[in-house]
Engineer: 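My questions will all concern the structure given below.
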Amino acid sequence: MIFGILFLAIMGAVGYFALVGIKATIDKHQNSQGLEFLRDILKYAALFLSLFFLSFGLAGLLTEVIDPNQVAYTNKEDIARWLSFVFVGIPVVAVLTWWIRRDFAKEPKASSEPAWQLYLLAATSFSLLIWFLFMIGSLNVLAGADYNPKGIANGLIAFAIWLVHIRLINKYQSLMSNIHRFIGWFAGATGLVIALMNLLEWVIEKVSSQPTGHKLIQEAIIGGALSLPTAIFYWQNFDAKASLIEIRAYRYLGGQVIPALFATIAATFSINTFFTWLSGGDAYWDETASTTAAAIVLFATISFFRRLLKGYERDELTRVYQYLISAMAMVGIAISIGAVIAGLLDSADQNDAIIFGASLIVTTLPTWWLHWRKCQFAMAVDFEVEHHAPIRRIYLYALIGIPTLVALGSSVWVVYAFFKALLIGGLDQVQLSTPLGILISTGLVALFHLRVLQKERD
């Protein structure tokens, strides 16, 4: 106890002299914008950390209140720790809040400075994710999960902090505040998508007479009941505050690019299981229902957002999206080619590698062909604009340069394997399989895009 008080006293003295030193430096260089920004960053960082420690202490004390049966076992040492966080956190938060309000009263433009906007983004987003995740996890007790009083306490305290900050951040239409609104609707939409996945997984398991997952429907209802209002609230706020270009950009990112990545992964695993079964191998169907449900829901999500993004003229944002998807799909195609080549050379892992490569190319080749054809059609419509578009140049140079560098690295291992066979004897096909697969696949990607670039120049 004595050492704890001494430690708090030392920390208080260090903090006091640090603030005095910072204030003296700032007063000496009042005309320096950099020092003002540094002061603001330190001030808001101190507020953020103080809020974090205060919320941790309050959540611990609240756990004691709502958990009289000691499900989440705590001892006096834990209570002492929580009390110390509250004892230090409350006055620090109060002093810093008073300081910030005084600065805003003297200079109203201070509330538009990047440091304050960055703090609002961090504090509001952090508290949102904490209460959202903890509340969903804790409410699953209604679906038969273990009772988690500590999770409930953390969720409630974070929710209270979020309520304060959401009122502050809703006053602004800045880039930082719109990033938070995107995080909010993406978190709510993700929870809703997961709830739909659980529901569809249960339906697939039921129809295919497989053992159904534990409490899938209950978890889907709980997750959906919390995610839907969160997604709607942030969606409406985002549409009301963000510019059209921001709305489109975030819908491309959150509704097309990210779902496409995870849908491809889920579909590849499902197709891989099916191909393994067709080839007579040991197919494990345990995860097939969940991966199939994920692929279906995510492809439906992509289709929904695609309809929302229809009707806009082709601009840089559209190009960025199409070339980004094309690049992602091309990486998948290269991996699939490399896997097939490695499987042909490695007899011990032949079937698994070839089947994986075939499964991946089934999911990535159509995606690449669809978006690449749109890009090439735009070239035919307006060659000069598309040819000189920065994103197309970046795409072509990246898919020539990066695969070339990877191919150079893998070629060293291929040449090493051949020299080893020449000097020692016996070509090790297993050792050769992976680097040769990488060399051929990356070489094909680089040569294809080099040919495209040469045709454009001609």
Side-chain angles (χ1 to χ4, degrees), residues 257-258 260-262 264-265 268 272 319-373 375-376 379 386-458:
V257 176
I258 297 176
L261 174 62
F262 288 100
T264 301
I265 295 172
T268 300
N272 185 77
R319 290 189 186 93
V320 169
Y321 161 69
Q322 290 180 351
Y323 285 112
L324 179 59
I325 292 291
S326 298
M328 291 168 57
M330 182 55 70
V331 170
I333 293 171
I335 293 173
S336 64
I337 294 172
V340 171
I341 294 171
L344 291 174
L345 294 174
D346 186 359
S347 57
D349 194 33
Q350 184 175 21
N351 287 337
D352 290 343
I354 294 175
I355 290 172
F356 170 75
S359 305
L360 185 58
I361 205 166
V362 167
T363 57
T364 53
L365 183 59
T367 301
W368 173 81
W369 176 255
L370 173 66
H371 290 86
W372 179 247
R373 190 174 66 171
C375 297
Q376 293 300 90
M379 283 285 292
E386 196 70 20
H387 173 68
H388 293 290
I391 184 60
R392 182 177 178 89
R393 314 298 288 178
I394 293 172
Y395 170 83
L396 289 176
Y397 287 134
L399 288 183
I400 293 170
I402 296 175
T404 300
L405 294 176
V406 176
L408 287 173
S410 60
S411 66
V412 174
W413 291 100
V414 173
V415 173
Y416 162 73
F418 279 107
F419 274 118
K420 180 182 176 182
L422 182 64
L423 298 174
I424 300 176
L427 183 62
D428 190 346
Q429 290 189 358
V430 176
Q431 188 180 35
L432 182 64
S433 60
T434 300
L436 186 60
I438 295 173
L439 175 63
I440 295 175
S441 60
T442 53
L444 289 174
V445 170
L447 289 174
F448 172 80
H449 291 92
L450 179 62
R451 182 58 182 159
V452 170
L453 185 61
Q454 287 175 340
K455 282 185 176 181
E456 289 184 23
R457 287 175 173 174
D458 294 339

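Count residues from 1 along the sequence. Worth saying up front: this structure is predicted, and the values here are computed from it rather than measured.
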Engineer: Below 4.5 Å, heavy atoms only, C-beta onward: do W413 and Y416 meet side chain to side chain?
Structural biologist: yes
Engineer: Check A334 against V445 and note the closest heavy-atom contact, atom names and distance.
Structural biologist: CB-CG2, 3.8 Å
Engineer: With sequence neighbours excluded, what pairs up with W369 under the side-chain contact (heavy atoms from CB on, under 4.5 Å) test?
Structural biologist: R373
Engineer: How many angstroms lie between OG in S336 and CG in L365, if you round to the nearest 0.5 Å?
Structural biologist: 8.0 Å
Engineer: Where do W372 and V452 land on the side-chain contact (heavy atoms from CB on, under 4.5 Å) test, with the steps shown first?
Structural biologist: CA-CA 12 Å; W372 179 247; V452 170; 4.1 Å; yes
Engineer: Please lay out, stage by stage, how T363 and L360 fare under the test side-chain contact (heavy atoms from CB on, under 4.5 Å).
Structural biologist: CA-CA 5 Å; T363 57; L360 185 58; 4.0 Å; yes
Engineer: What's the shortest heavy-atom distance between I354 and V340, and which atoms?
Structural biologist: CG1-O, 3.9 Å
Engineer: Determine, step by step, whether M328 and T367 satisfy the side-chain contact (heavy atoms from CB on, under 4.5 Å) criterion, reporting the C-alpha distance in whole Å, the side-chain angles of both residues, the deciding distance to 0.1 Å, and the verdict.
Structural biologist: CA-CA 9 Å; M328 291 168 57; T367 301; over 6 Å; no
Engineer: Calculate, to the nearest 0.5 Å, the distance between atoms OH and CG belonging to Y323 and L396 respectively.
Structural biologist: 7.0 Å
Engineer: Which distance, rounded to the nearest 0.5 Å, do you find between the CD1 of I335 and the OG1 of T442?
Structural biologist: 11.5 Å
Engineer: Checking R319 now: which residues fulfil salt bridge (charged side-chain N to carboxylate O under 4.0 Å, His left out) with it, not counting sequence neighbours?
Structural biologist: E316, E386
Engineer: Compare every heavy atom of R393 with every heavy atom of L453, then report the nearest pair and how far apart it is.
Structural biologist: CD1-NH1, 4.0 Å
Engineer: Looking at every heavy atom in both L408 and S411, which two are closest together, and how far apart are they?
Structural biologist: O-OG, 2.6 Å
Engineer: Using every non-hydrogen atom in the two residues, find where G357 and A339 come nearest and quote the distance to one decimal.
Structural biologist: CA-CB, 4.0 Å
Engineer: What's the separation between atom CE in M379 and atom NZ in K455, rounded to the nearest 0.5 Å?
Structural biologist: 11.0 Å
Engineer: Which heavy atom of N272 sits nearest a heavy atom of S359, and at what distance?
Structural biologist: CA-OG, 3.1 Å
Engineer: Step by step, would you call T364 with M330 a side-chain contact (heavy atoms from CB on, under 4.5 Å)?
Structural biologist: CA-CA 7 Å; T364 53; M330 182 55 70; over 6 Å; no
Engineer: What's the spacing between I440 CD1 and I341 CD1 if we round to 0.5 Å?
Structural biologist: 4.0 Å
Engineer: Which distance, rounded to the nearest 0.5 Å, do you find between the CD1 of I333 and the OG of S441?
Structural biologist: 11.5 Å
